[in-house]
Amino acid sequence: MSDSDMSVSESEAHFKPFFWEDIRRELDGLPGGKGLNIAHEAVDRHGKGERGDRCAIRWMKEGDEVVEMSCKALMEETNRFANVLKNLGVKKGGRVYVQSERVPELYVSALGALKYGAVFCPLFPAYGPDPVSSRIQKGGDGILVTSEKLYKSRIEPNRERLTCLKKILLTDAATDIGDDALSFSQAMDRAASRFEIPPTNPEDMALLHFTSGTTGPAKAAVHVHEAVLVHYATGKHVFDFRPDDVFWCTADPGWVTGTIYGIVSPLVCGVVDIVDTQDFDPARWLSILESQKVTVWYTAPTAIRRFMRLAPDFFRKYDLSHMRLIFSVGEPLGADAVAWSQKTLGLAIRDTWWQTETGGVMIANLPSSEVKAGFMGKPIPGIRAAIVRKTGEGGVEVVAEPGEEGELALRKGWPSMFREYLGEPERYEKCFAGDWYLSGDLALRDPDGFFRYVGRDDDIIKTAGHMVGPFEVESVLNEHAAVAESAVVGRPDPMIGQVVKAFVCLHAGRGPDDDLRFELVGYARKRLGTAAAPREIEFIDELPKNNAGKILRKLLKERETAGVSRD
């Protein structure tokens, strides 16, 4: 497919002609035409230039402690880490696994690994010994950067079978604690601060992100250095980064969002990158937004829902007037959250959609247009998106009519598209049909070209011949004044296939009772009709979620299938 063939999205004909080669020309590339390296674009081109003395990353530590690293200092520290890898005998393409809290060593390791030609493999710090071991065994030979506490609790229990793990660097150990468990700081002290990035082919592996599937073990999605074109382009077109912006992505780097938009994209675009090293606390987060004068904020619906439980007076103590854009990622964002944000924060939250496999934001409520509440937005420049349905021959056909539900698909060929599932070619091939990447997400497109999320293909509820998307029901329930959060699943029923059942968390001060249950059922029926409205509502204190904050409907469905009830 030629560059221009994929230049304009299916629903974005009004965009000016867009070519990925134009984006490539806005980046430097390695000196002497030696290729394209993510770390050079994120670190060295700023560290050696006019921005050398400007802040690159600012860590908000416990209490009021703030630690900054300039572009030049980040360049020197990542040079040292690249030399550490050289001293340890790590080969090009070797894995650098990092399981760590959000300390400076994590960011130096990630960027230093990319600079060296190794592969950065983030591991969420809450993963236990078995998930960590299975991911490292799937990923292959390399080293691990972690803390002494995480090493003893996550690695030591399975150390004997982790033969692919050659060395371990401990971020908080003053001295080596074993032949293969070394002090990060001592290794850095022995390394030189100068390093020349070797030639890097844009198709060289750069990132290995582990993503859990709906079936089977975790997948290892491979991304290459070419992906930096999307990291830069989305910073420019989606987040509208400007030279003096202060950006805060609240996602942990153990997840793909925290890697791409918590590390790479803001650094490539040369804006100040805020990192909070502490756990979520609403007062702390608002204080950071105020004190650091954050201009662009990227967070998750889970956090937004927690803010929505607070009284409006809570927010009046903070001056957020400098903030000009708020974005959301991770779960679909309901219209109620957008309305709350507009009223309480003075800005409408802009939803975005992408996946580990896409390597960057693909669909968004762009700053160049009004927010359409309840919709993911439109495809970004350079991306072709469509709603498709599968045909009998294993192919797909594009759904022409607006409003018709189908699978969200992207035309293959964008730079950050994952290149493989490591060691699983058949699993990879199943993600594609002809020229289309099949996302597994069900969606619809309205007459204005906005895409709306309906649900995962395996989340769809089939009830009495009707297909019901849980997100649509949840969005309506969440708009009720008593509801803080909800999750909708199908309970097996021999007569109608599945019964639509909602699990509902209430705002503080609202007690669960039958009157409220009947009120919610009636409210949903009025908005959705009897076919889609929940027939059963169960009040629950907390919804099950993974470490990224996504609601685990699967656990609720399994419980219902087993016939277990809280009533």
Side-chain angles (χ1 to χ4, degrees), residues 1 5-15 18 214 230 234 238 328-335 350-366 369 371-414 416-418 429-462 465-476 488 528 531-532:
M1 183 190 309
D5 284 340
M6 63 177 188
S7 63
V8 182
S9 71
E10 294 264 315
S11 58
E12 287 292 283
H14 65 276
F15 275 143
F18 180 92
T214 54
V230 172
T234 50
V238 177
S328 172
V329 66
E331 282 277 305
L333 188 71
R350 297 173 179 271
D351 202 6
T352 65
W353 176 90
W354 59 295
Q355 298 177 322
T356 299
E357 288 82 355
T358 72
V361 174
M362 299 283 104
I363 295 174
N365 280 273
L366 297 169
S369 62
V371 173
K372 192 156 194 175
F375 285 77
M376 301 183 292
K378 294 184 177 183
I380 68 167
I383 298 300
R384 295 186 68 183
I387 304 299
V388 303
R389 55 173 166 248
K390 294 176 182 175
T391 63
E393 297 78 32
V396 295
E397 60 183 7
V398 175
V399 173
E401 292 299 320
E404 187 174 348
E405 294 179 7
E407 187 168 3
L408 177 58
L410 305 177
R411 186 76 175 268
K412 290 196 303 186
W414 69 95
S416 66
M417 187 183 85
F418 74 126
E429 289 301 321
K430 288 180 180 179
C431 296
F432 300 90
D435 287 335
W436 295 99
Y437 163 70
L438 306 177
S439 71
D441 283 350
L442 299 181
L444 58 82
R445 180 175 59 85
D446 77 354
D448 297 321
F450 283 84
F451 285 77
R452 180 183 178 92
Y453 181 85
V454 174
R456 287 294 295 176
D457 192 14
D458 55 352
D459 280 341
I460 294 301
I461 302 165
K462 303 173 181 65
H466 299 281
M467 308 291 280
V468 177
F471 174 64
E472 184 177 17
V473 183
E474 291 162 3
S475 296
V476 168
V488 172
L528 297 166

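Remember, it's a predicted structure, so these values are computed and weren't measured experimentally.
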Heavy-atom donor-acceptor pair, [X] side chain to [Y] backbone, under 3.5 Å:
X: Arg389; Y: Val399; answer: no
X: Thr234; Y: Val238; answer: no
X: Glu407; Y: Val388; answer: no
X: Trp414; Y: Gly359; answer: no
X: Glu474; Y: Val488; answer: yes
X: Asn365; Y: Phe375; answer: yes
X: Thr352; Y: Ser328; answer: yes

Shortest non-hydrogen contact between [X] and [Y], atoms and distance:
X: Thr358; Y: Ser416; result: O-OG, 2.6 Å
X: Gly360; Y: Val230; result: CA-CG1, 4.1 Å
X: Pro402; Y: Pro447; result: CB-N, 3.7 Å
X: Pro381; Y: Leu366; result: CD-CD1, 4.5 Å

Hey, what do you get for [atom1] ([X]) to [atom2] ([Y]), rounding to the nearest 0.5 Å?
X: Met362; Y: Trp354; atom1: CE; atom2: CH2; answer: 9.0 Å
X: Ile383; Y: Met417; atom1: CD1; atom2: CE; answer: 10.5 Å
X: Asp446; Y: Lys378; atom1: CG; atom2: NZ; answer: 8.0 Å
X: Leu408; Y: Ile363; atom1: CG; atom2: CD1; answer: 4.5 Å
X: Leu410; Y: Trp353; atom1: CG; atom2: CH2; answer: 4.5 Å
X: Lys412; Y: Cys431; atom1: NZ; atom2: SG; answer: 11.0 Å

**Item:** Validation row: Asp441, Gln355 side chains within 4.5 angstrom (heavy atoms)
**Value:**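 With C-beta onward as the side chain, the pair touches.
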**Request:** Just do the side chain to side chain contact (heavy atoms under 4.5 Å, CB included) check on Ile387 and Phe451 with the steps written out, would you?
**Result:** CA-CA 9 Å; Ile387 304 299; Phe451 285 77; 3.7 Å; yes
**Message:** Apply side chain to side chain contact (heavy atoms under 4.5 Å, CB included) to residues Thr391 and Glu397 and explain how you reach the verdict.
**Reply:** CA-CA 7 Å; Thr391 63; Glu397 60 183 7; 4.0 Å; yes
